[in-house]
Every structure is written in structure tokens, then in C-alpha cells.
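Take a look at the structure set out below.
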Amino acid sequence: IVSQRSLQLCSRCYPVHASWSYEAIKQQYRLEVPEYFNFARDVLDRWTEVEKEGKKSKNPALWWVDGAGEEVKWSFEELGVLSRKVSNVLSDACGLQWGDRVILILPRIPEWWLVNVACMRTGTVLIPGTQQLTAKDILHRLQKSKAKCIITDESVAPAVDSVEAECQSLKFKLLVSEGHREGWLNFKDLLKNASSDHHCVTTKCQDPMAIYFTSGTTGSPKMTQHSHSSYGIGLTVSGRYWLDLTSSDIFWNTSDTGWAKSAWSSIFSPWIQGACVFVHKMPHFDPHISLSRFPITVFCSPPTAYRMLVQHKLSSYTFKSLRHCVSAGEPINPDVMEEWKAQTGLDIHEGYGQTETVLICGNFKGMKIKPGSMGKPSPEYDVKIIDENSNILPPGKEGDIAIRVKPTRSPFLFTCYADDPEKTEATLRGDFYVTGDRGIMDEDGYFWFVGRADDVINSAGYRIGPFEVESALAEHPAVVESAVVSSPDPIRGEVVKAFIVLTPDYALHDPEKMMKELQDHVKKVTAPYKYPRKMEFVEQLPKTISGKIRRNELRQKEWRKD
Ligand code: ATP
Ligand code: MG
């Protein structure tokens with residue numbers, strides 16, 4: 001009965017809309033959330049059926065290539081068989097049970113996808129982590145999460161061994177490698193001998209599915225718990241109308257396997273649509289190679305890759321198959337969007353969201369794009385700009401970007417910060433979940449990012465968002481990138497200070513003259529009161545592992561100094 005209900009849900013949840021208009025979808029689109037849902041069974045196994053009936057394109061579910069010419073292509077059926085085997089490894093060899101937590105730290109290798117799906121099938125709670133974690137980070141995550149099992153490769157295994165004695169909950173270590181290591185079970189050996197018969201557990205929609213750590217841009221990364229239905233159903237709109245995917249697409253998302261963004265865009269959004277997930281494991285990240293060599297049709301990346309790519313002076317013939325591009329994770333500078341359009345003929349559809357949410361705002365397919373804006377709210381959420389007393393602010397007024405959670409909290413929002421009710425509670429204000437980001441909604445209902453609440457500068461009564469100043473600086477040929485923060489000032493309270501990385505051609509210029517030139521430039525391209533009164537030229541900016549600028553680190557240094 002459960003399965004029947006879920007299949008009905010699939011066809012209701014994932015209807016094919018021939019035409020699309022934002023207003024129509026906003027009015028009509030209601031994702032239904034049933035009592036039971038499991039993405040592996042209700043979506044992936046359903047695609048296997050469609051594939052067997054010959055009703056979908058011949059593209060694989062997963063297409064993986066590496067720099068050495070190795071290649072893996074799995075249909076949905078093969079993905080099903082292999083992930084069932086991995087499920088048996090987790091249940092039998094490791095004795096893991098529903099609700100047990102599993103940390104997964106692997107590079108972009110096919111096994112990463114198998115473990116993701118196997119955790120859904122077994123009801124174990126997946127906690128992905130990036131390869132760049134240190135032994136101290138791993139200790140912190142193992143202790144905080146009380147994970148029972150860790151799955152990783154030999155590059156990370158020594159770090160795990162060095163802290164294991166302090167992690168009482170850890171019972172199983174699985175090594176994904178051709179080689180063996182003492183104290184570790186070998187994943188590949190176990191997989192070879194595992195049966196492909198596995199009965200997917202029955203999961204309720206609100207049962208925990210995964211815990212994703214936030215990027216740690218503003219402090220310690222938070223353990224964000226999501227249910228089976230949140231990303232699994234909630235990313236439908238994102239897959240269809242932001243990424244514009246169908247089962248004929250080959251979709252490349254560049255995120256590291258350690259972040260929620262890879263769940264969003266390398267698992268749920270594309271597979272809801274039956275699209276092919278393309279993965280390129282490269283020794284050095286070079287998106288130009290991937291986009292020109294492979295028939296990628298849809299591309300998703302943070303702004304930094306676009307900044308890199310436009311340096312190549314592309315033409316519309318360079319990436320023959322590419323037809324749709326999206327950016328997320330940080331604001332994308334309007335001049336990069338313009339450059340990209342001029343060189344490739346394609347728009348960049350910016351999206352905005354958090355580990356805690358599905359897509360909050362997006363420049364959806366067919367919508368007019370206003371460069372610099374994050375687009376309009378996703379139909380899943382009622383998004384508003386609110387003040388400190390949770391009053392809704394009118395268009396044009398800056399405030400906190402918030403999602404309505406009363407009377408009903410969206411099932412597509414995180415369940416909680418795992419094991420931390422106080423932190424969870426602190427995200428609520430009145431009827432809203434507060435994102436921690438500041439923004440403005442314009443008269444047309446488009447949202448504009450001002451900055452993270454802590455990053456906004458208040459200088460002599462003027463509120464200044466760092467992103468606008470950074471974008472103005474980026475338009476000058478001397479600037480590679482910059483971070484704008486507040487700095488103490490005896491008269492104004494605080495002033496705008498820019499930390500700037502210069503291009504090699506300008507690095508040796510006289511700093512005084514360079515500063516004057518950049519200040520004049522900012523005054524010309526944006527409202528003059530925003531210009532940085534202080535400047536420091538630096539070799540690099542402090543960033544999170546996922547590449548986001550850590551303005552709070554620079555700001556703290558400024559305020560400590562004086
Ligand atoms: P932490 O919460 O640990 O400080 P984080 O907020 O960077 O880290 P994520 O959940 O990965 O962790 O990132 C979500 C945040 O990224 C958003 O709250 C917002 O500040 C920023 N962001 C994402 N997309 C955009 C975008 N298109 N424009 C501007 N900012 C964005
Ligand atoms: Mg955050």
C-alpha cells in the first residue's frame with residue numbers, strides 16, 4: 001500500500017508542464033507530501049521502471065570520468081543494483097540500523113553516490129564531509145554527531161585513526177580502496193560479495209535522512225538535519241524550473257562532495273528529473289576542459305568558476321552542448337554575467353538558498369533576469385523581508401530575509417540543528433524562520449542580496465552591503481577580488497574598509513595612488529558614500545574550505561586592532 005501511494009505521489013509530484021510561467025506556477029504549484037517517502041524507492045526505482053519501459057532517453061543516471069581516461073556509466077537500474085549491495089554492506093557487515101549516523105568523506109568517486117543512496121535504503125543518517133577536514137575537524141564531527149560508522153579512503157584514514165580513541169560511538173570504519181588497512185573493513189571486498197537483494201526500509205516523510213554541515217562562513221559549521229521529504233521532494237522546483245532539467249540533459253554541478261550543495265545538485269534535483277549526473281574528477285579544477293570536451297547541457301557552479309571561465313575569452317561555439325547555466329552559493333557580480341552572456345550567448349540564472357533550506361529564490365526558466373538580483377521566491381516558500389519585530393517590510397526597504405513557518409512550517413525546511421534545540425529556536429522570530437541574510441524586495445517582487453546580517457556596515461547612519469562595494473571594485477581591471485568589512489572610526493563609528501587582491505599587472509603600483517584610483521572608481525560606479533575610506537592590499541583573502549570569503553575573520557581583526 002505504501003509503495004502504491006508513493007508511486008501515485010510521484011506522478012502527482014512530478015507532472016510534466018509543457019509551458020511555464022512564474023505566476024502560474026506560484027498560483028498552482030503545490031507539492032504534496034505523503035505520510036511515507038523514500039527517495040531511493042519512490043524516485044530512483046521509479047526511474048528504473050521508466051527506463052525499462054523504454055520511456056526515457058538513453059542517458060545514464062551517473063556518468064563519471066576522471067583525468068586519466070577512466071569512465072563509469074550507470075543506468076538507474078545499475079545504480080539500483082549496486083546501491084542495494086552497499087545497503088547490505090551497511091546492514092550486514094556493519095550491523096547498522098535505522099537512525100544510526102554514518103560519516104562519509106570521499107572525493108568525487110562513484111562510491112560516494114552509492115553510499116548516499118544506500119543510506120536512504122537502510123534509513124541510516126548520512127553525514128557528508130569534505131576531504132579537506134583535518135584530524136581535529138574529524139574528531140569534532142565524530143564526537144558531535146556520535147556517528148557509528150565512518151566511510152573514507154586512505155588519504156583520510158590516518159587522521160581518523162589518530163583521533164579514534166576519543167570517539168566512543170565509532171564502531172565501524174570502512175575503507176574505500178584497493179588496498180587494506182588494519183582496523184578497517186574493506187568496502188570493495190565487501191561489495192563484491194554482497195547480495196543485491198535488499199528491501200528498502202519504510203521511512204516516514206519527517207524521519208531524519210541526513211545531516212549536512214553548513215559551510216562555516218560565519219562561525220562553527222552547524223549540523224543541519226533534513227528529513228526524507230525535504231530535499232527529496234522539495235528540490236523538485238529547483239530541478240525543473242531553475243536548473244531546467246529533463247531526462248535528456250547531462251548536468252554538471254561542480255560542488256565538493258562535502259557540502260549540502262552536492263546533495264541539492266548532484267543527487268536530488270537532477271535525479272528527480274531523471275537527468276544524467278555528470279561528474280568530472282580532475283587533478284586541477286578546470287571547468288573549460290569539462291565543458292568543451294563533454295556534451296554537458298546544463299552547468300551549475302559558484303561564481304568563482306564563471307570568473308575563471310570568462311578569462312578565456314570564449315565564443316558561443318566553445319561549449320557546443322551547453323544551453324542553461326546557473327550560479328549559487330555567493331552573489332554573482334553583474335559584470336561577470338554580462339561578460340558570460342557576451343561571450344557564450346547564455347544567461348546565468350542565479351539562485352539563492354542555504355544548507356537549511358531548498359532553493360529560497362531563483363531566476364527561474366523563462367523569467368526576466370535582473371542582473372544582480374537573486375530572482376523571485378521559490379513557490380515552496382512564503383519569503384518576506386521583515387524587521388527586528390517580525391513586521392513585514394514593504395518593497396524597497398532593507399531587512400532580514402525570512403521564510404514564514406507559522407501556522408505551517410514547510411516540510412522542505414531543515415528539521416533542526418541536530419542535538420541543539422537552542423540554536424534551532426534562535427532561528428525563529430515571530431511567524432518566521434530568519435535566514436541571517438539581509439535583503440530588499442523590489443516593486444516587481446525580485447529579491448536583492450545586501451549581505452549576511454553581520455557583514456552589513458553601518459557608517460554614519462548609512463547602511464552599506466559589502467557585496468555592492470565588492471562588485472564596484474571588481475569592475476576595475478586592477479582587482480582580482482576583494483572583501484569589504486567595517487572598520488572602527490572615531491567620528492563615523494565605523495567606515496568601509498576593502499581588502500583587495502590585485503592582478504599581477506598592478507601589484508607593483510604605488511599603493512597610495514592605487515588606493516586613490518580605486519576610491520575614485522567606486523565613487524563613479526556606485527553611490528559615493530559607499531566608497532572604501534580604508535584599503536589594504538593583500539595576497540589572498542581568508543576563505544572557507546568551500547571557497548566563501550570569511551569577512552568575519554577580517555572584521556574581527558580590524559576591531560581587535562584599535
Ligand atoms: P555558516 O552558516 O556556517 O556560516 P554558510 O551560511 O556559508 O555557513 P551555506 O548554507 O553553505 O553555509 O551557505 C548559505 C549562505 O550562502 C546563505 O545564507 C547566503 O549568505 C549565501 N548565499 C547562497 N547563495 C547566494 C546568492 N545567490 N547570493 C548571495 N548569497 C548567497
Ligand atoms: Mg548559514
Side-chain angles (χ1 to χ4, degrees), residues 128-130 137 140-141 144 210-226 230-231 238 242 253 255-265 300-306 325-334 336-337 348-364 369-378 381 383 400-403 413-414 417-418 420 423-424 426-427 433-440 446-456 465-468 470-471 483 542-553 555:
T130 158
D137 299 327
H140 175 73
R141 289 183 181 213
K144 242 190 133 198
I211 295 172
Y212 301 104
F213 276 84
T214 58
S215 300
T217 313
T218 52
S220 235
K222 299 174 281 273
M223 297 206 304
T224 311
Q225 184 168 301
H226 277 276
S230 62
Y231 284 4
S238 152
W242 176 49
N253 164 55
S255 337
D256 180 283
T257 48
W259 309 111
K261 186 64 185 35
S262 42
W264 274 42
S265 297
C300 174
S301 170
T304 152
Y306 289 102
C325 305
V326 311
S327 160
E330 275 193 302
I332 182 156
N333 316 86
V336 177
M337 293 175 77
I348 297 175
H349 296 251
E350 183 174 350
Y352 158 71
Q354 301 184 304
T355 307
E356 291 87 339
T357 67
V358 292
L359 195 70
I360 301 173
C361 290
N363 284 283
F364 298 100
I369 293 178
K370 296 192 187 185
S373 153
M374 309 188 292
K376 292 189 180 186
S378 176
Y381 291 138
V383 187
D400 294 306
I401 304 175
I403 298 170
L413 208 57
F414 73 125
Y417 292 124
D420 199 341
K423 205 165 242 172
T424 310
T427 59
Y433 158 75
V434 184
T435 58
D437 293 318
R438 305 278 297 175
I440 295 171
Y446 283 71
F447 280 64
W448 300 75
F449 184 78
V450 172
R452 289 168 187 271
D454 297 345
D455 287 345
V456 175
F467 172 58
E468 244 185 307
E470 289 161 10
S471 286
K543 292 195 178 166
T544 62
I545 303 172
S546 56
K548 299 193 194 198
I549 298 170
R550 300 198 71 228
R551 293 182 193 81
N552 64 337
E553 199 174 294
R555 185 172 54 243

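Counting convention: from 1, in listed order, for ligands and their atoms alike. All values below come from the heavy atoms of this structure, side chains included, with hydrogens, waters and symmetry mates left out.
- Panel note: side chain Asn363, backbone Ser373; a donor-acceptor pair is recorded below 3.5 Å.
- One finds no salt bridge joining Lys543 and Glu330 here, because no Lys/Arg side-chain nitrogen approaches an Asp/Glu carboxylate oxygen to under 4.0 Å.
- Given atom 11 (O) of ligand 1, the protein heavy atom at minimum distance is Ser215 OG, 2.6 Å.
- Taking every heavy atom of Asp437 and a limit of under 4.0 angstrom, the matching atoms of ligand 1 come to 17 (C), 18 (O), 19 (C), 20 (O).
- Atoms of ligand 1 found under 4.0 Å from any heavy atom of Gly351 (numbered from 1 in listed order, with element): 24 (N), 26 (C), 27 (N).
- Look at Thr435 and you'll find every heavy atom at least 4.0 Å from all atoms of ligand 1.
- Side-chain N or O atoms of Thr435 include none that pairs as donor or acceptor with a backbone N or O of Ala402 at under 3.5 Å.
- Closest protein heavy atom to atom 24 (N) of ligand 1: Gly329 N, 3.1 Å.
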### Message
Walk me through whether Asp455 and Arg555 qualify under salt bridge (charged side-chain N to carboxylate O under 4.0 Å, His left out).
### Response
CA-CA 8 Å; Asp455 287 345; Arg555 185 172 54 243; 2.7 Å; yes
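- Judged purely by atom type and a 3.5 angstrom limit, Ser230 has no side-chain atom pairing as donor or acceptor with the backbone of Leu413.
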### Query
Hey, mind stepping through Thr218 and Asn552 against side chain to side chain donor-acceptor pair (under 3.5 Å) and telling me if it holds?
CA-CA 6 Å; Thr218 52; Asn552 64 337; 5.9 Å; no
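- In this structure, CD1 in Ile332 is found 14.0 Å from CE in Met374, a value given to the nearest 0.5 Å.
- For Gly353, the closest heavy-atom approach to ligand 1 falls below 4.0 Å.
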### Message
What verdict does the ring-ring contact (aromatic ring centres under 6.0 Å, His included) test give for Phe414 and Tyr212, after you've listed the backbone C-alpha separation in whole Å, the side-chain angles of each residue and the deciding distance to 0.1 Å?
### Response
CA-CA 10 Å; Phe414 73 125; Tyr212 301 104; over 10 Å; no
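- By the 4.0 Å heavy-atom criterion, Gly436 is excluded from the residues contacting ligand 1.
- Tyr417 pairs by the side chain to side chain donor-acceptor pair (under 3.5 Å) definition with Glu356, not counting sequence neighbours.
- Between Glu350 and ligand 1, at least one pair of N/O atoms sits closer than 3.5 Å.
- For ligand 1 and Pro331, the ligand atoms under 4.0 Å from any heavy atom of the residue are 26 (C), 28 (N), 29 (C), 30 (N).
- In this structure, Trp264 and Tyr231 have perpendicular ring planes: the angle between them is above 60°, well past the 30° mark.
- Distance from atom 15 (C) of ligand 1 to its nearest protein heavy atom, with residue and atom name: Arg452 NH2, 3.5 Å.
- Nearest protein neighbour of atom 10 (O) of ligand 1, counting heavy atoms only, is Thr355 OG1, 2.6 Å.
- Considering backbone and side-chain atoms together, Ala328 places no N or O closer than 3.5 Å to any N or O of ligand 1.
- Put simply, the side chain of Thr214 never gets that close to the backbone of Thr355: no donor and acceptor are under 3.5 Å apart.
- When the heavy-atom distances from atom 16 (O) of ligand 1 to Gln354, Met374, Glu330, Lys548 are ranked, the shortest goes to Lys548.
- For ligand 1, none of its N or O atoms has an N or O atom of Pro221 under 3.5 Å away.
- In this structure, of Phe467, Tyr352, Phe414, Phe449, the residue bringing a heavy atom nearest to atom 25 (C) of ligand 1 is Tyr352.
- Among protein heavy atoms, atom 4 (O) of ligand 1 sits closest to Thr218 OG1, 2.4 Å.
- Inclusion of Ser327 in the set of residues having an N or O under 3.5 Å from an N or O of ligand 1 is not warranted.
- Nearest to atom 2 (O) of ligand 1 by heavy atom, out of Lys261, Lys222, Arg438, is Lys222.
- At the shortest separation from atom 7 (O) of ligand 1 among protein heavy atoms lies Thr217 OG1, 2.4 Å.
- Considering only residues two or more places apart in sequence or on other chains, Ala328 meets the side-chain contact (heavy atoms from CB on, under 4.5 Å) condition with Trp242, Lys261.
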